[in-house]
Amino acid sequence: MDNIVPIPGDDPEINAAMEEARRRLPEFRRALDEDARRVVPEIEGALIKAAVSSVATGKTEHIWLEDAGFEDDRLVGTVSSEPEEIPEIAKGDWITISPDDISDWVYRHRGRTFGGFTVKIMQRRGDW
């Protein structure tokens, strides 16, 4: 997920997709919890995208986190690409995110893709 695609903050379609991702976050958690109980996990590529803000630059960037999961009520994952606007973190860092900062989530299970609300819009538009 190295593609950085600038999206205006006032894009109503993207904003609606991000809201849907937050609203449907319990589905993502249930899927990961069920998969964790399997002897042989079946979920591939659990990713979350979150808005991360920099204290140093004052800017916000939406970044993808791999190996996504939950720790209590927070989400965790590994930064999947080098952030451009957030010097406090780097690719490969393990970070914790508030559910309020989620902008998307996606995973594959038995050949099907779930989530990817903003991704579908950007693919349709040819941005990705």
Side-chain angles (χ1 to χ4, degrees):
M1 296 280 173
D2 286 337
N3 296 353
I4 296 176
V5 179
I7 302 288
D10 61 350
D11 185 313
E13 192 175 21
I14 291 292
N15 288 338
M18 291 189 304
E19 180 56 38
E20 183 176 7
R22 285 188 289 274
R23 182 178 54 77
R24 294 179 58 185
L25 192 58
E27 293 175 34
F28 183 61
R29 184 171 197 151
R30 275 192 304 277
L32 294 181
D33 287 348
E34 288 172 11
D35 199 54
R37 289 191 294 273
R38 291 187 178 98
V39 173
V40 178
E42 297 177 351
I43 286 183
E44 305 170 35
L47 302 164
I48 53 176
K49 184 167 64 170
V52 178
S53 297
S54 170
V55 174
T57 66
K59 296 185 178 182
T60 298
E61 186 174 338
H62 292 262
I63 60 172
W64 284 101
L65 306 177
E66 303 171 316
D67 307 318
F70 287 83
E71 287 183 359
D72 299 319
D73 292 333
R74 314 262 306 157
L75 290 109
V76 295
T78 304
V79 178
S80 68
S81 62
E82 201 64 47
E84 290 189 351
E85 306 288 346
I86 316 296
E88 297 94 327
I89 60 173
K91 180 179 180 176
D93 285 353
W94 181 259
I95 64 172
T96 303
I97 300 295
S98 166
D100 295 336
D101 295 327
I102 295 300
S103 48
D104 208 345
W105 53 264
V106 65
Y107 68 92
R108 289 192 51 78
H109 181 245
R110 297 182 181 170
R112 292 184 56 208
T113 301
F114 297 85
F117 308 99
T118 63
V119 173
K120 292 172 190 169
I121 293 167
M122 290 189 293
Q123 285 175 332
R124 188 188 78 238
R125 292 177 177 178
D127 292 337
W128 199 324

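What you see below is based on every heavy atom in this structure, not just the backbone, and it leaves out hydrogens, waters and symmetry mates. Here the structure is a predicted model, which is why all the values come from computation and not from measurement.
A salt bridge does not link Asp33 with Arg30: none of the charged nitrogens is closer than 4.0 Å to a carboxylate oxygen. For the pair Lys120 and Glu20, the salt-bridge criterion is not met [side-chain N within less than 4.0 Å of a carboxylate O].
Heavy atoms only, all atoms of each residue included: Ser98 and Arg74 are closest at CB-NH1, 3.2 Å. Residues Ala68 and Leu32 approach most closely at O-CD1, 3.8 Å, considering heavy atoms. Closest non-hydrogen pair, Ala31 versus Ile43, comes out as O-CD1, 3.4 Å. Summarising the geometry of Asp93 relative to Glu88, their closest heavy-atom pair is OD2-O, 4.3 Å, with the distance given to 0.1 Å. Residues Lys91 and Ser81 come closest through the heavy atom pair CB-C, 3.7 Å. Contact between Pro83 and Glu61 at its shortest, heavy atoms only, is CA-OE2, 3.5 Å.
In this structure, Arg124 places its CZ atom where more than 12 heavy-atom neighbours from other residues, nucleotides or ligands lie under 6.0 Å away.
Counting heavy atoms from C-beta on, the side chains of Ile63 and Ser80 never come closer than 4.5 Å. Counting only heavy atoms from C-beta outward, the side chains of Ile48 and Phe28 approach each other to under 4.5 Å. Counting only heavy atoms from C-beta outward, the side chains of Ile89 and Val52 approach each other to under 4.5 Å.
Checked against the 6.0 Å centroid criterion, the rings of Phe114 and Trp105 do not qualify as a close aromatic pair.
In this structure a side-chain-to-backbone donor-acceptor pair under 3.5 Å is missing from Thr78 to Asp67.
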